[in-house]
Amino acid sequence: MKTRWVDLPVYTRAGQFIARYSEKGLAELNFPPVGRASSRAVNPIGIPAPIRRWHRATATALKAVLAGRAAKTLPPLDWSGKTEFQKSVWRALRKIRRGQTRSYGEIARAIGSPGAVRAVGGACGANPIPVLVPCHRVLAANGKIGGFSGGLKRKRELLAREGVSL
DNA sequence: CTCCGCCTACCAA
DNA sequence: TTGGTAGGCGGAG
């Protein structure tokens with residue numbers, strides 16, 4: 001069965017993000033493209049009510065985190081098709097609260113795979129829902145920034161907004 | 001199987 | 001401190 005996706009924009013002060021929904025929930029959150037944002041009006045007619053509701057939650061939560069506040073409610077997240085290892089990493093990431101950070105090694109230990117440090121990095125890089133699943137709160141063991149698939153600039157900005165100093 | 005990576009600890013300058 | 005590196009693991013092909 002082929003998944004039907006619904007892509008909806010979220011306009012923020014950091015640009016236009018694109019949220020992608022399946023019938024199960026939010027599946028992806030994509031950063032604004034590097035260039036200018038192409039704004040295309042979205043016709044709410046034809047969008048299933050649950051998705052409209054989820055999208056309101058996504059938009060509110062995203063704007064909150066970008067402003068350095070805690071996301072109150074998230075829509076259901078659709079992680080279908082992902083590996084158990086990845087899901088366990090992302091679950092652990094969701095427990096890191098605003099202003100807190102963990103190292104990749106700490107996440108690895110937290111999920112019971114203390115030797116899978118690099119693999120945790122890989123799972124962070126594969127996180128389909130950045131910002132709301134806060135992979136930006138994971139730093140290298142030496143306290144340095146580590147990597148970020150969305151660009152280190154964004155990781156620094158998010159952390160700064162949350163009051164984390166490197 | 002091979003290759004790669006948002007890592008780490010360790011060792012040499 | 002900085003720079004190079006081997007090791008351990010999961011994911012992708």
Side-chain angles (χ1 to χ4, degrees), chain A residues 1-5 7 9-10 12-35 37 57-59 61-71 74-166:
Chain A
M1 58 176 209
K2 199 160 61 171
T3 307
R4 311 256 325 224
W5 303 111
D7 290 344
V10 182
T12 75
R13 50 179 225 9
Q16 177 186 322
F17 287 68
I18 302 293
R20 167 166 288 186
Y21 300 88
S22 71
E23 64 291 336
K24 294 180 183 169
L26 176 64
E28 290 179 31
L29 183 61
N30 295 298
F31 283 109
V34 283
T58 298
L62 177 57
K63 289 173 184 177
V65 178
L66 292 178
R69 289 179 283 111
L74 296 192
L77 307 183
D78 181 4
W79 285 339
S80 55
K82 307 302 180 181
T83 70
E84 284 307 313
F85 179 84
Q86 291 174 327
K87 289 186 280 190
S88 68
V89 169
W90 302 334
R91 261 182 257 121
L93 298 186
R94 292 193 59 184
K95 296 178 184 169
I96 312 175
R97 297 194 283 167
R98 191 214 94 111
Q100 296 185 133
T101 61
R102 295 286 122 85
S103 70
Y104 295 92
E106 287 174 322
I107 298 296
R109 273 174 264 144
I111 64 173
S113 305
V117 179
R118 288 188 82 178
V120 165
C124 288
N127 172 19
I129 309 175
V131 185
L132 299 186
V133 175
C135 52
H136 61 278
R137 294 175 185 157
V138 187
L139 308 180
N142 58 13
K144 292 189 179 173
I145 184 84
F148 195 62
S149 59
L152 291 182
K153 180 171 178 290
R154 289 200 176 101
K155 186 169 182 176
R156 282 190 215 98
E157 290 169 350
L158 287 164
L159 289 170
R161 269 288 174 183
E162 300 183 349
V164 174
S165 54
L166 303 170

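Just so it is clear: chains get the letters A, B, ... in the order the sequence lines come, proteins before strands, and each one is counted from 1.
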- Heavy atoms under 4.0 Å is the rule here; annotate nucleotides 4-10 of chain B 5' to 3' with B where the base is hit, S where only the sugar-phosphate is, and - elsewhere. -BBBS--
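Judged purely by atom type and a 3.5 angstrom limit, K155(A) uses its side chain to pair as donor or acceptor with the backbone of G147(A). At distances below 3.5 Å, at least one donor-acceptor pair connects side-chain atoms of R13(A) with backbone N or O atoms of L66(A). In this structure, the side chain of R98(A) engages the main chain of G68(A) through a donor-acceptor pair within 3.5 Å. A distance-only check finds a donor-acceptor pair linking the side chain of W90(A) to the backbone of A123(A) [under 3.5 Å].
Along DNA chain C, read 5' to 3', the first and last nucleotides having any atom under 4.0 Å from a heavy atom of chain A are dG7(C) to dG11(C).
Contacts between residues 78-86 of chain A and DNA chain C, defined by a heavy-atom separation under 4.0 Å, are made by T83(A), F85(A), Q86(A).
Partners of S80(A) under the side-chain hydrogen bond (donor to acceptor under 3.5 Å, both in side chains) rule, at least two apart in sequence or in another chain, are D78(A). In terms of the ring pair (Phe, Tyr, Trp, His ring centres under 6.0 Å) criterion, residue partners of F17(A) (sequence neighbours excluded) are, by chain and number, F31(A). In terms of the salt bridge (charged side-chain N to carboxylate O under 4.0 Å, His left out) criterion, residue partners of K153(A) (sequence neighbours excluded) are, by chain and number, E157(A). Listed by chain and residue number, nothing satisfies the ring pair (Phe, Tyr, Trp, His ring centres under 6.0 Å) test with Y104(A) (two or more places apart in sequence, or in another chain). K87(A) pairs by the salt bridge (charged side-chain N to carboxylate O under 4.0 Å, His left out) definition with E84(A), not counting sequence neighbours.
For residues 122-135 of chain A, no pair satisfies salt bridge (Lys or Arg N to Asp or Glu O under 4.0 Å), with sequence neighbours left out.
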- Item | Bracket notation of DNA chain C in which parentheses pair within the strand, [ ] cross earlier pairs, and | pairs with another strand (Watson-Crick or G-U, under 3.5 Å) | |||||||.|||||
Using distance only, find each side-chain donor-acceptor pair of residues 130-137 of chain A under 3.5 Å and give its atom names and separation, not counting sequence neighbours.
from, atom 1, to, atom 2, distance (Å)
H136(A), NE2, E162(A), OE2, 3.1
R137(A), NE, E162(A), OE1, 2.8
R137(A), NE, E162(A), OE2, 3.4
R137(A), NH1, I96(A), O, 2.7
R137(A), NH2, E162(A), OE2, 2.8

Please report, to 0.1 Å, the donor-acceptor pairs under 3.5 Å made by any side chain of residues 107-119 of chain A, with sequence neighbours excluded.
none

